[in-house]
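Step one of this worksheet: look at the structure below.
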Amino acid sequence: MTGARKYVPDLLKILEQNGVKATFFLTGRWAEEFPELVKNMKKHGHCLGNHGYKHLHLNNLSPEQVKEEITRAEKVIQTITGERPYLFAPPYGEFNTAVQKVAAELGYKIVMWSLDTVDWQRPEASTIVNRVVPRIHNDAIILMHPTQPTVEALPSILKQLKEEGYRFATVSEIVGNTATEKGTEP
């Protein structure tokens with residue numbers, strides 16, 4: 001995923017310039033490929049979540065395979081950051097009862113987005129802005145990916161939402177931190 005190497009540093013810079021902390025859901029394979037970006041995300045106070053190891057369709061896997069996908073990514077992220085993630089965003093937004101059960105047994109909260117920018121299709125930056133700003137709501141979780149149009153759209157989104165009085169938070173701030181209750185830090 002060359003977009004990550006190319007665009008994540010720009011996204012991190014924009015977030016820092018605006019005093020915004022975000023949540024990044026990482027696949028284990030991606031984290032292995034870009035450990036310095038993962039460390040940089042953590043260093044700048046962003047929340048890191050688990051997105052499985054290979055970004056597979058988990059509904060098509062056995063519970064044992066789902067567990068392997070989640071735990072393999074967890075180990076990679078924990079090795080790089082020293083912290084175990086406790087938020088899980090299923091690839092493609094797909095999850096069934098088996099995926100829910102495995103995630104819960106592993107101590108994860110499943111997280112879904114409420115606003116999808118569909119930026120992975122690389123629309124114009126103005127399209128991304130228009131998929132967020134008019135539809136924003138309290139506790140919105142905005143799904144974005146590291147693409148050039150996202151880099152172009154993010155400053156405008158942050159500016160407009162700040163002007164409307166919105167405050168930005170990580171997903172862990174929105175859903176609460178049950179990992180701390182279990183004696184681990186996110």
Side-chain angles (χ1 to χ4, degrees), residues 4 7-27 30-31 34 37-52 55 70 73-74 77-78 80-93 95 100 103-104 106-120 125 127-147 149-186:
Y7 302 119
V8 167
D10 291 337
L11 293 171
L12 291 171
K13 184 177 180 181
I14 293 165
L15 292 168
E16 178 143 358
Q17 289 169 343
N18 285 275
V20 173
K21 303 297 181 210
T23 302
F24 291 88
F25 286 95
L26 312 174
T27 64
W30 185 92
F34 303 107
L37 286 177
V38 175
K39 289 176 187 175
N40 198 17
M41 290 170 178
K42 189 68 186 164
K43 175 183 163 191
H44 286 92
H46 299 289
C47 178
L48 303 180
N50 188 329
H51 197 46
H55 205 275
I70 295 172
E74 174 185 304
I77 295 166
Q78 188 167 9
I80 294 169
T81 67
E83 296 180 359
R84 179 193 177 276
Y86 72 97
L87 299 172
F88 178 67
Y92 308 102
F95 62 94
Q100 287 177 305
L106 294 172
Y108 281 90
K109 283 187 177 184
I110 292 181
V111 176
M112 296 297 292
W113 57 89
S114 56
L115 289 175
D116 189 352
T117 62
V118 196
D119 55 356
W120 57 271
T127 299
I128 295 171
V129 172
N130 288 329
R131 288 177 178 162
V132 174
V133 176
R135 298 178 179 140
I136 197 67
H137 55 85
N138 288 332
D139 295 333
I141 296 175
I142 304 166
L143 175 62
M144 303 180 102
H145 297 84
T147 68
T150 304
V151 169
E152 294 168 7
L154 188 56
S156 180
I157 290 169
L158 295 175
K159 180 180 184 289
Q160 290 183 53
L161 295 183
K162 281 182 178 183
E163 287 172 357
E164 291 183 26
Y166 284 96
R167 182 179 75 79
F168 301 91
T170 64
V171 173
S172 64
E173 291 172 312
I174 294 170
V175 302
N177 180 357
T178 57
T180 300
E181 296 164 16
K182 295 177 185 175
T184 61
E185 289 297 320

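Bear in mind that the values here come from a model prediction, so they are computed numbers and not experimental data. Residue indices begin at 1 and follow the sequence shown.
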Neighbour count >12 (heavy atoms, 6.0 Å) for atom CH2, Trp113: yes
Do the side chains of [Y] and [X] get nearer than 4.5 Å, heavy atoms only?
| X | Y | answer |
| --- | --- | --- |
| Leu158 | Phe168 | yes |
| Phe95 | Met112 | yes |
| Val8 | Pro146 | yes |
| Pro85 | Phe25 | no |

Verify, without hydrogens or angle tests, whether Asn50 (side chain) and Ala73 (backbone) share a donor-acceptor contact under 3.5 angstrom. no
Main-chain N/O of His145 paired to Thr150 side chain as donor or acceptor, under 3.5 Å: yes
Could you pull out the closest heavy-atom pair between [X] and [Y], with the gap in Å?
| X | Y | result |
| --- | --- | --- |
| Thr170 | Glu173 | N-OE1, 2.7 Å |
| Ala169 | Ile174 | CB-CG1, 4.3 Å |
| Leu87 | Cys47 | CD1-SG, 3.8 Å |
| Ile110 | Pro90 | CG2-CD, 3.8 Å |
| Gly49 | Ile77 | O-CD1, 3.8 Å |
| Phe88 | Tyr108 | CB-CD2, 3.7 Å |

Return the set of residues passing side chain to side chain contact (heavy atoms under 4.5 Å, CB included) with Lys43 (not counting sequence neighbours), or none when no residue passes. Asn40
Dump the intermediate steps for side-chain contact (heavy atoms from CB on, under 4.5 Å) on Phe24 and Val38, then the final yes or no. CA-CA 9 Å; Phe24 291 88; Val38 175; over 6 Å; no
For residues 127-144, run the donor-acceptor check on the side chains, cut-off 3.5 Å, and write out each pair with its distance to 0.1 Å, sequence neighbours left out.
| residue | atom | partner | partner atom | Å |
| --- | --- | --- | --- | --- |
| Asn130 | ND2 | Ser126 | O | 3.1 |
| Arg131 | NH1 | Thr117 | O | 2.7 |
| His137 | NE2 | Ser114 | OG | 3.2 |

What pairs of donor and acceptor atoms, side-chain ones from residues 9-20 against any protein atom, are under 3.5 angstrom apart with sequence neighbours left out?
| residue | atom | partner | partner atom | Å |
| --- | --- | --- | --- | --- |
| Glu16 | OE1 | His44 | NE2 | 3.1 |
| Asn18 | ND2 | Ile14 | O | 2.8 |

Take the angle between the ring planes of Tyr92 and His55 and call it parallel below 30°, perpendicular above 60°, tilted in between. perpendicular
